Structures are given as structure tokens and as C-alpha cells.
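Written below as C-alpha cells is the structure these notes are about.
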Amino acid sequence: MGVDAYKKTRVQRKVGRKVTSTNLYLKLLIKLYKFLARRTDSQFNVTILRRLQSTRTARYPISVSRLVKQINTAKDKTRTLVVVGTVTDDARLLTVPKLNVCALRFTETARKRILAAGGKTLTFDQLAQQNPTGTGTILLRGPKVREALKHFGRAAGLPGSHAKPYVSHTARRGKGAR
């Protein structure tokens, strides 16, 4: 068994989920990163591939304010922040510094604020062309504990369900004076 055969089986062992998404861009990215994971010695590509193949609910969103915190603690401020998921805006953040961010998706306002600050928003195919081994990047993930996850699962109110119901609080508005 040659070195190439060992590398191929190592990559196949680490990432083996079949993607059921109909998103063609996502499927092309998976093909690209399978190739890069197989042909480079970079663990970065294997990790990106594994996260691309994860379910959509496991690709957690991350806010611009978390990206700013991360770049402020980094030694090199010119590094590219890589997120396999969505980058969302944070209205509480007043000023956004210059950021280089690569992500699957950006919300409109997040993209506008990053570009207005003189930063760059990259796609994963652009990242693969510029930096195939992932050097000079910081790989990030959004927080797993989110309010939205409490509503997932079997419908609220059914037996055996622990899902939090979506409740409108408009009915309580008039009862505050009692």
C-alpha cells in the first residue's frame, strides 16, 4: 500500500456522509474539497470537507461581532477568517474593522458592513484558488447553543415532545395593569 493509497483511505474514513442537498454550489464545493483533501497534506481541507458535508442545522451561523473579537485577539490581523456557515450582522456592533472573511453565505447587511470597512468577502472556491492548504487562515464555527435549537424536534404539545412552542405574547398586553 503506497503513500497515496494510505492518504486516500484516511480522507475517506474521516468524511463519509452522503449529502442529500439539492444545492449545486454545495455539491461542487464538496467535489473540490474532496480533491484538495486527497491531494494535499493539509488537515484544513479535511476539516472543511467534513463541515461542508454536515447537515444544515449543524452549520451554525456566526455574527460579525464574534469575527471581530476573534481578529482582535489574533497576532496577525490580515489572516482570513473561514466559516462553514452563514455570517450574520450584529446591530449592536458600532464599527467593523477591516476583515477578510470566507463563508458559505453572508446576510446582506453583514456583507455591506464588511465591504464598507474595506474588507473582503470570499467564497470557498476563491479561497481554494488563493490558499489551497489553508495557511494564514483562522477556522471558526458558530455557537452550538442557540435559541432556535430549543424549537426543533417533535411538535410542541405532543406526547414525548420536549420542543419549546413558538408563542405570541400579544394576548398578555392588556393584562399588565391588574
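Note that this is a predicted model, so its numbers are computed, not measured.
- The nearest pair of heavy atoms linking Phe44 to Leu127 is CZ-CD2, 4.0 Å.
- Residues Pro97 and Ala117 come closest through the heavy atom pair O-CB, 3.6 Å.
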Please test Thr88 against Thr86 for side chain to side chain donor-acceptor pair (under 3.5 Å), starting from the C-alpha separation and ending with a verdict. CA-CA 6 Å; Thr88 59; Thr86 306; over 6 Å; no
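- One distance of note links NZ of Lys164 with CG of Leu149; it measures 12.0 Å at 0.5 Å rounding.
- Residues Arg113 and Asp89 share a closest heavy-atom pair of NH1-OD1, 3.0 Å.
- With values rounded to the nearest 0.5 angstrom, Thr78 atom OG1 is found 12.0 Å from Leu99 atom CG.
- Thr121 and Gln126 make their closest contact through O-OE1, 4.1 Å (heavy atoms, listed as atom of the first residue, atom of the second, distance).
- Considering OH of Tyr25 and CG of Asp125, their distance stands at 4.0 Å, rounded to 0.5 Å.
- The environment of CZ in Arg59 is crowded: more than 12 heavy-atom neighbours from other residues, nucleotides or ligands sit within 6.0 Å.
- In this structure, CD on Gln130 lies 11.0 Å from OG1 on Thr135, to the nearest 0.5 angstrom.
- Linking Ile, Leu, Val, Met, Phe, Trp and Tyr residues whenever their side-chain heavy atoms come within less than 4.5 Å places Val82 and Leu36 in a single cluster.
- For the pair Leu67/Val96, no side-chain contact is recorded, criterion being any heavy-atom separation below 4.5 Å from C-beta on.
- Below 30°, between 30° and 60°, or above 60°: for His151 and Tyr166 the angle between ring planes is below 30°, a parallel geometry.
- At a threshold of 4.5 Å between non-hydrogen side-chain atoms, the residues Pro132 and Arg39 do not count as touching.
- Nearest heavy-atom pair across Ala156 and Ser161 is CA-OG, 3.7 Å.
- With hydrogens and angles disregarded, no donor-acceptor distance shorter than 3.5 Å links the side chain of Arg56 to the backbone of Ser21.
- Counting heavy atoms from C-beta on, the side chains of Lys98 and Lys77 never come closer than 4.5 Å.
- Surrounding NZ of Lys27 are more than 12 heavy atoms belonging to other residues, nucleotides or ligands, all under 6.0 Å away.
- Looking only at side-chain heavy atoms (C-beta outward), Leu104 and Leu29 come within less than 4.5 Å of each other.
- By the 4.5 Å heavy-atom criterion applied to side chains, Arg79 and Gln70 are not counted as neighbours.
- Atom SG in Cys102 sits 13.0 Å away from atom CD1 in Ile138 (nearest 0.5 Å).
- Remark: of the listed residues Leu140, Ile71, Ile62, Ile114, Ile114 is the sole one forming a side-chain contact (heavy atoms from CB on, under 4.5 Å) with Val101.
- In this structure, Val19 is a member of the same hydrophobic cluster as Val84, with clusters built from ILVMFWY side-chain heavy atoms closer than 4.5 Å.
- A 4.5 Å side-chain heavy-atom check between Asn45 and Leu49 finds every atom pair outside the cut-off.
- Atoms CG and OG1, on Leu122 and Thr137 in that order, are 11.0 Å from each other to the nearest 0.5 Å.
- Of all the heavy atoms in Phe124 and Tyr33, the pair that sits closest is O-OH, 3.2 Å.
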Derivation of the side chain to side chain contact (heavy atoms under 4.5 Å, CB included) call for Leu93 and Val68: CA-CA 9 Å; Leu93 186 67; Val68 170; 3.8 Å; yes
